[in-house]
Amino acid sequence: MKIKIVNKSGFELPSYATSLSAGVDLKADIEEPVVIAPLKRVLVPTGLYIQLPAGYEAQVRPRSGLAAKHGVTVANAPGTIDADYRGEIKVILVNLSDEEFVINRGERIAQMVIARHETAEWESVGSLDESVRGTGGFGSTGR
């Protein structure tokens with residue numbers, strides 16, 4: 001699949017680390033280091049703009065290493081980039097640790113996965129078919 005991209009970051013285009021990688025890394029396109037205080041969030045630009053085909057979205061997801069080692073994750077994970085959005089891709093990072101975290105220019109801050117999606121056509125009905133689970137939710141299926 002070909003996706004149009006405008007790259008104002010000065011970095012190489014996003015690429016897949018391996019032939020079976022689902023996502024590409026997004027890098028911080030910042031001039032100066034950004035400090036994320038504990039339990040605070042920041043909006044980090046990437047310098048990338050994309051044009052997705054209809055029926056697709058880009059999902060912005062956390063990088064597991066940042067989350068596991070530093071408690072830094074994507075606040076609205078997964079963030080969705082719709083096919084009709086033409087603005088700069090920015091990442092909302094949150095620091096869930098008890099220590100400051102510094103983001104430097106070019107640092108890999110998130111990953112982006114391109115995914116197909118469906119558009120629902122809602123059918124208003126008076127009731128739903130029964131299921132084994134029924135209305136059980138939030139832990140109803142056990143640990």
Side-chain angles (χ1 to χ4, degrees), residues 1-97 99-141:
M1 162 191 302
K2 290 191 179 201
I3 296 176
K4 293 180 181 179
I5 185 168
V6 173
N7 182 3
K8 296 183 179 180
S9 71
F11 306 123
E12 292 182 7
L13 290 177
S15 62
Y16 295 93
T18 71
S19 62
L20 297 179
S21 294
V24 296
D25 287 330
L26 296 175
K27 296 179 180 178
D29 184 28
I30 53 179
E31 295 303 317
E32 302 291 329
V34 172
V35 177
I36 311 177
L39 301 179
K40 297 297 181 183
R41 62 192 174 276
V42 297
L43 190 60
V44 183
T46 66
L48 300 175
Y49 304 73
I50 60 175
Q51 181 177 326
L52 294 166
Y56 286 85
E57 66 165 326
Q59 299 174 358
V60 178
R61 301 178 180 182
R63 292 193 67 241
S64 57
L66 279 182
K69 295 175 186 173
H70 304 286
V72 174
T73 190
V74 175
N76 61 328
T80 295
I81 301 166
D82 295 308
D84 57 353
Y85 177 69
R86 296 294 184 270
E88 181 178 12
I89 296 172
K90 295 181 180 179
V91 179
I92 307 167
L93 290 180
V94 62
N95 181 354
L96 299 177
S97 77
E99 297 178 4
E100 288 185 343
F101 182 78
V102 178
I103 302 167
N104 295 297
R105 178 168 174 73
E107 187 162 351
R108 297 177 300 159
I109 56 170
Q111 59 181 326
M112 181 172 67
V113 174
I114 306 300
R116 177 180 284 283
H117 70 82
E118 297 294 328
T119 299
E121 181 179 325
W122 302 104
E123 178 184 358
S124 184
V125 297
S127 65
L128 303 176
D129 295 343
E130 293 294 322
S131 72
V132 173
R133 184 173 181 175
T135 59
F138 299 110
S140 65
T141 59

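Side chains are part of it too, since the values below use all heavy atoms of this structure and drop only hydrogens, waters and symmetry mates.
Side-chain contact check for Val44 versus Glu107: every heavy-atom pair is 4.5 Å or farther apart. Between Ile3 and Tyr56, every side-chain heavy-atom pair lies at or beyond the 4.5 Å cut-off. Side-chain contact between Glu100 and Ile36 is absent, with no heavy-atom pair separated by less than 4.5 Å. A heavy-atom distance below 4.5 Å is found between the side chains of Leu93 and Val74. The shortest side-chain heavy-atom distance between Val24 and Ser15 does not fall under the 4.5 Å cut-off. A heavy-atom distance below 4.5 Å is found between the side chains of Ile50 and Met112.
The CG atom of Leu48 sits 4.5 Å away from the CD1 atom of Ile5 when rounded to the nearest 0.5 Å. Within the model, atoms CD1 of Ile81 and CD1 of Ile89 stand 4.0 Å from one another, a figure rounded to the nearest 0.5 Å. The NZ atom of Lys8 lies 11.5 Å from the OG1 atom of Thr46; values are rounded to the nearest 0.5 Å.
Closest non-hydrogen pair, Val113 versus Gly23, comes out as CG2-CA, 3.8 Å. The nearest pair of heavy atoms linking Pro45 to Leu43 is CD-O, 3.7 Å. Considering every non-hydrogen atom in both Gly47 and Asp29, the closest pair reads CA-OD2, 3.4 Å. A pairwise comparison of heavy atoms in Ala77 and Pro62 identifies CB-CD, 3.7 Å as the closest pair. Nearest heavy atom pair, residue Ile109 against residue Leu66, reads O-CD1, 3.7 Å.
Around CZ of Arg105, the count of heavy atoms belonging to other residues, nucleotides or ligands within 6.0 Å exceeds 12.
Counting only residues at least two apart or on different chains, the side chain to side chain donor-acceptor pair (under 3.5 Å) pairs with a member in residues 60-81 are Asp25-Arg63, Glu57-Thr80, Gln59-Arg61.
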